[in-house]
Visitor: 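Okay, handing you the structure first.
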Amino acid sequence: MRHNYIRLTFTVLFLSGIALAPSFADEPVSRDEEIAGLKSQVQDLLKRIENLEAGQAKVKEESLKAKEEVAKIKETAKAAEAAKVDLANALAKLKLKGRAAFGFFDSGKAGSYPAGSFEMPDAKIQLAFQPDDINTVTLRFNVNNATAQSPLMDYLFLQSKDFIPALKGSPFSLSARLGRFKLGFGEETWTDNPVEGILPSNSAARATIVDEGLEFAGKIKLDKIGLKPLGWVVSVSDGNSGVGSDSTAGKAFMGKIYYAPIDPLYLSGTYYNSGRLDSSSAELSLAGLVSRPTGENDWDRTVWELDARYDFGKGKKPLEPIVFSDSKAIARLSYGQFKDEANRTRSGNFGFVDGIYNLTKKFYAAARYSFINLNGDATATLNSVTANRYDRYSLGGGYRFSDNTILKLSYDWNKSQGADDADDNLLSALVATQF
């Protein structure tokens with residue numbers, strides 16, 4: 001651009017010199033006309049200079065805008081990369097689990113499927129977010145039969161492991177749970193679903209509880225005296241059924257110890273007391289029975305249970321769920337008693353014995369006998385049947401289609417006493433999978 005200015009300046013001076021020089025042409029030309037022509041040329045040159053200066057300013061402005069746009073693009077790319085890293089870090093801390101069972105069920109007239117029905121009786125999706133090495137937040141959705149159940153979120157709790165630094169390196173370990181979660185009453189409770197159970201059905205009593213509360217658990221190392229670790233669990237919870245504010249003054253207590261005296265043998269004992277329930281239903285269910293004794297408005301429930309498990313030809317896979325175990329055979333025994341204490345006390349006992357035998361790595365057979373019995377001649381609604389005693393004989397087997405998918409087939413013979421024997425036998429054929 002500077003060269004253009006110099007060139008124009010020389011041009012103007014050159015034309016001015018011509019205008020001042022004498023004319024040697026054959027025909028004289030009017031000096032006024034020459035001056036007018038030169039002025040026109042000078043004005044034209046000045047306009048060109050102005051246009052060049054304007055063009056130069058525009059180029060500078062566009063160049064500045066381009067630089068600003070490049071800077072914005074770089075900032076956006078940097079922010080996107082940072083967000084990508086943050087998202088990757090968050091996803092690395094998030095774990096997804098789930099399970100589902102699909103199949104056909106056919107029961108007697110008094111059962112749940114008198115006409116035969118295709119069902120999805122179990123479907124769970126669980127999210128676990130671990131923001132640090134100590135804490136994990138777990139959220140599980142209950143969508144049995146592909147519909148939102150009540151409550152939709154059956155688990156929501158915070159779990160903290162080894163949160164007391166002083167215990168590190170000591171014989172004691174400690175973890176805690178706070179929120180709504182399954183209490184570990186007994187042993188069947190960990191596999192009482194069609195996916196993880198050895199059979200699609202559960203025992204006649206199926207003692208289970210999900211409640212809001214606080215739980216502490218840990219192990220005590222006894223290797224210095226030549227023994228295996230002793231495990232323990234203690235919890236305090238609301239005790240009454242339902243989700244939300246506790247409607248009773250009493251709180252439930254559960255205590256459990258478990259121990260493996262020799263490698264194939266596992267033992268546990270559990271004690272539970274609901275606290276005063278007033279007129280509310282209990283959160284701990286026995287054969288589906290959670291309601292208070294008839295005519296009572298102030299009651300509590302006390303239950304204890306002893307469990308044993310023995311692995312024949314113990315395998316290397318984890319203890320639970322048993323259906324995925326590679327032990328040659330597993331036998332379990334459980335027995336417990338309960339008391340619903342009120343003006344008119346209701347009490348009884350329950351238990352089961354079951355086992356699984358791995359015919360091959362793919363095929364297995366399973367069987368169970370279970371019962372729940374009310375003392376005296378009292379009756380209650382047990383597994384949707386009014387009875388004094390309820391027995392279940394279950395026989396079945398499965399095929400491990402893959403490491404996480406099993407085809408299951410079973411038949412349950414149910415016998416009830418205290419009223420007419422209900423026609424509620426059940427045939428189950430399903431596909432169970434987990435991820």
Visitor: Quick one: pull up CG in Leu183 and OG in Ser235 and give me the separation to the nearest 0.5 Å.
Guide: 4.0 Å

Visitor: State, yes or no, whether a side-chain contact exists between Trp232 and Phe216 at a heavy-atom distance under 4.5 Å.
Guide: yes

Visitor: So with a 6.0 Å cut-off around NZ of Lys95, is the heavy-atom count from everything else above 12?
Guide: no

Visitor: For the CD1 atom of Ile356 and the OG atom of Ser327, what is their distance to the nearest 0.5 Å?
Guide: 9.5 Å

Visitor: Would you confirm whether Ser281, through its side chain, and Ser291, through its main-chain N or O, come within 3.5 Å as a donor-acceptor pair?
Guide: no

Visitor: Hey, are Lys228 and Asp263 close enough for a salt bridge, meaning a charged N less than 4.0 Å from a carboxylate O?
Guide: yes

Visitor: Mind checking the CE-CZ spacing from Met153 to Arg180? Nearest 0.5 Å is all I need.
Guide: 10.5 Å

Visitor: May I have the step-by-step check of side-chain contact (heavy atoms from CB on, under 4.5 Å) for Arg332 and Asp307, ending in yes or no?
Guide: CA-CA 7 Å; Arg332 298 189 304 177; Asp307 290 88; over 6 Å; no

Visitor: Using 4.0 Å as the upper bound for N to carboxylate O, is an ion pair formed by Arg206 and Asp192?
Guide: yes

Visitor: Using the rule given for side-chain contact (heavy atoms from CB on, under 4.5 Å), can you reason through Phe185 versus Thr208, listing the C-alpha separation, both sets of side-chain angles and the distance that settles it, and then say yes or no?
Guide: CA-CA 7 Å; Phe185 185 90; Thr208 185; over 6 Å; no

Visitor: For the side chain of Glu188 and the backbone of Ser203, is there at least one donor-acceptor N/O pair under 3.5 Å apart?
Guide: yes

Visitor: If I take atom CD from residue Gln434 and atom OG1 from residue Thr405, how far apart are they, to the nearest 0.5 angstrom?
Guide: 8.5 Å

Visitor: List the steps, then state whether side chain to side chain donor-acceptor pair (under 3.5 Å) holds for Ser160 with Asn135.
Guide: CA-CA 4 Å; Ser160 302; Asn135 301 295; 2.5 Å; yes

Visitor: Check whether any side-chain heavy atom of Lys328 sits under 4.5 Å from a side-chain heavy atom of Tyr357, and report yes or no.
Guide: yes

Visitor: Is the closest side-chain donor-acceptor distance between Ser334 and Glu305 under 3.5 Å?
Guide: yes

Visitor: I'd like to know whether CG of Asp223 has more than 12 heavy-atom contacts from other residues, nucleotides or ligands below 6.0 angstrom.
Guide: yes

Visitor: Could you check whether Thr433 and Asn404, counting side-chain N and O atoms only, form a donor-acceptor pair closer than 3.5 Å?
Guide: no

Visitor: So which heavy atom on Phe324 is nearest to which on Ile406, and how close?
Guide: CE2-CD1, 3.6 Å

Visitor: Verify the distance criterion only: is there a donor paired with an acceptor across the side chains of Thr302 and Asn273 at less than 3.5 Å?
Guide: yes

Visitor: Near Asn145 CG, under 6.0 Å, is it more than 12 heavy atoms from other residues, nucleotides or ligands?
Guide: yes

Visitor: Go through it in stages, so that I can follow the logic: the residues are Asn375 and Gln337, the test is side-chain contact (heavy atoms from CB on, under 4.5 Å), and I'd like the CA-CA distance, side-chain angles, deciding distance and then a yes or no.
Guide: CA-CA 10 Å; Asn375 294 330; Gln337 294 183 354; over 6 Å; no

Visitor: Check whether any side-chain N or O of Asn358 sits under 3.5 Å from a backbone N or O of Thr360 as a donor-acceptor pair, and report yes or no.
Guide: no

Visitor: Using modelled atom types and a 3.5 Å cut-off, is there a donor and acceptor pairing between side-chain atoms of Lys339 and backbone atoms of Thr345?
Guide: no

Visitor: Does any N or O in the side chain of Thr191 come within less than 3.5 Å of the main-chain N or O of Glu196, such that one atom is a donor and the other an acceptor?
Guide: no

Visitor: What's the shortest heavy-atom distance between Gly315 and Asp326, and which atoms?
Guide: CA-OD1, 3.0 Å

Visitor: Angle between ring planes, Tyr399 versus Phe363, binned at 30° and 60°: parallel, tilted or perpendicular?
Guide: tilted

Visitor: Taking the side chain as C-beta and beyond, is there a heavy-atom pair between Tyr390 and Asp424 under 4.5 Å?
Guide: yes

Visitor: Can Lys251 and Asp238 be said to form a side-chain contact (heavy atoms from CB on, under 4.5 Å), step by step?
Guide: CA-CA 5 Å; Lys251 294 294 178 283; Asp238 286 346; 4.0 Å; yes

Visitor: Enter the distance from Ile372:CD1 to Ser416:OG here, rounded to the nearest 0.5 Å.
Guide: 13.0 Å

Visitor: Using a 4.5 Å cut-off on heavy atoms from C-beta on, say whether the side chain of Tyr266 contacts that of Asp311.
Guide: no

Visitor: Counting N and O atoms only, with roles assigned by atom type, does the side chain of Asn414 sit under 3.5 Å from a partner on the main chain of Ala422, one being a donor and the other an acceptor?
Guide: no

Visitor: Can you tell whether the side chains of Lys168 and Asp162 come within less than 4.0 Å, N to carboxylate O?
Guide: no

Visitor: Is the CZ atom of Phe401 crowded by more than 12 outside heavy atoms at less than 6.0 Å?
Guide: no

Visitor: Could you report the tightest heavy-atom contact between Val233 and Ala217, atom names first, then the distance?
Guide: CG2-CB, 4.0 Å

Visitor: Find out whether Asp211 and Leu284 are in side-chain contact, i.e. whether some heavy atom of one side chain is under 4.5 Å from a heavy atom of the other.
Guide: no

Visitor: CG of Leu96 to CG of Leu127: how many Å apart, nearest 0.5 Å?
Guide: 5.5 Å

Visitor: Is the NZ atom of Lys182 crowded by more than 12 outside heavy atoms at less than 6.0 Å?
Guide: yes

Visitor: Aromatic contact between Tyr369 and Tyr393, with the criterion being ring centroids under 6.0 Å apart: yes or no?
Guide: yes

Visitor: Answer yes when Arg389 and Asp391 have at least one side-chain N-carboxylate O distance shorter than 4.0 Å, and no when they do not.
Guide: yes

Visitor: What pair of heavy atoms forms the shortest contact from Leu199 to Ala367, and how long is it?
Guide: CD1-C, 4.3 Å

Visitor: Flag the pair Thr270 / Tyr258 as yes when at least one side-chain heavy-atom distance between them is below 4.5 Å, and no otherwise.
Guide: no

Visitor: How about Lys219: does its NZ atom have over 12 heavy atoms from other parts shown lying under 6.0 Å from it?
Guide: no

Visitor: Going by distance alone, is a donor N or O of one side chain under 3.5 Å from an acceptor N or O of the other, for Lys124 and Asn144?
Guide: yes

Visitor: Can you find a pair of side-chain heavy atoms, one from Leu427 and one from Tyr113, that are under 4.5 Å apart?
Guide: no

Visitor: Tell me if the CG atom of Leu156 is crowded by more than 12 foreign heavy atoms within 6.0 Å.
Guide: yes

Visitor: Say whether Ser394 and Asp412, considering side chains only, have a donor N or O and an acceptor N or O under 3.5 Å apart.
Guide: yes

Visitor: Salt-bridged, Asp278 to Arg276, with N to O below 4.0 Å?
Guide: no

Visitor: With no hydrogens and no angle check, is any side-chain donor or acceptor of Lys256 less than 3.5 Å from a backbone partner on Gly231?
Guide: no

Visitor: Using modelled atom types and a 3.5 Å cut-off, is there a donor and acceptor pairing between side-chain atoms of Asn349 and backbone atoms of Gly336?
Guide: no

Visitor: With no hydrogens and no angle check, is any side-chain donor or acceptor of Arg392 less than 3.5 Å from a backbone partner on Ala205?
Guide: no

Visitor: Kindly say whether Ser280 contributes a backbone atom to a donor-acceptor pair with the side chain of Trp299 at under 3.5 angstrom?
Guide: yes

Visitor: Taking the side chain as every heavy atom from C-beta outward, state whether Arg344 and Pro293 have any atom pair closer than 4.5 Å.
Guide: no

Visitor: Side chains of Glu187 and Ser268: do they bring a donor and an acceptor to under 3.5 Å?
Guide: yes

Visitor: Write down the atom of Leu382, the atom of Ala387, and the distance for their closest heavy-atom approach.
Guide: CD1-O, 3.9 Å

Visitor: On a heavy-atom basis, which atom in Ala100 and which in Val195 lie closest, and how many Å separate them?
Guide: O-CG2, 3.4 Å

Visitor: With a sphere of 6.0 Å drawn around CG of Asp132, does it hold more than 12 non-hydrogen atoms of other residues, nucleotides or ligands?
Guide: yes

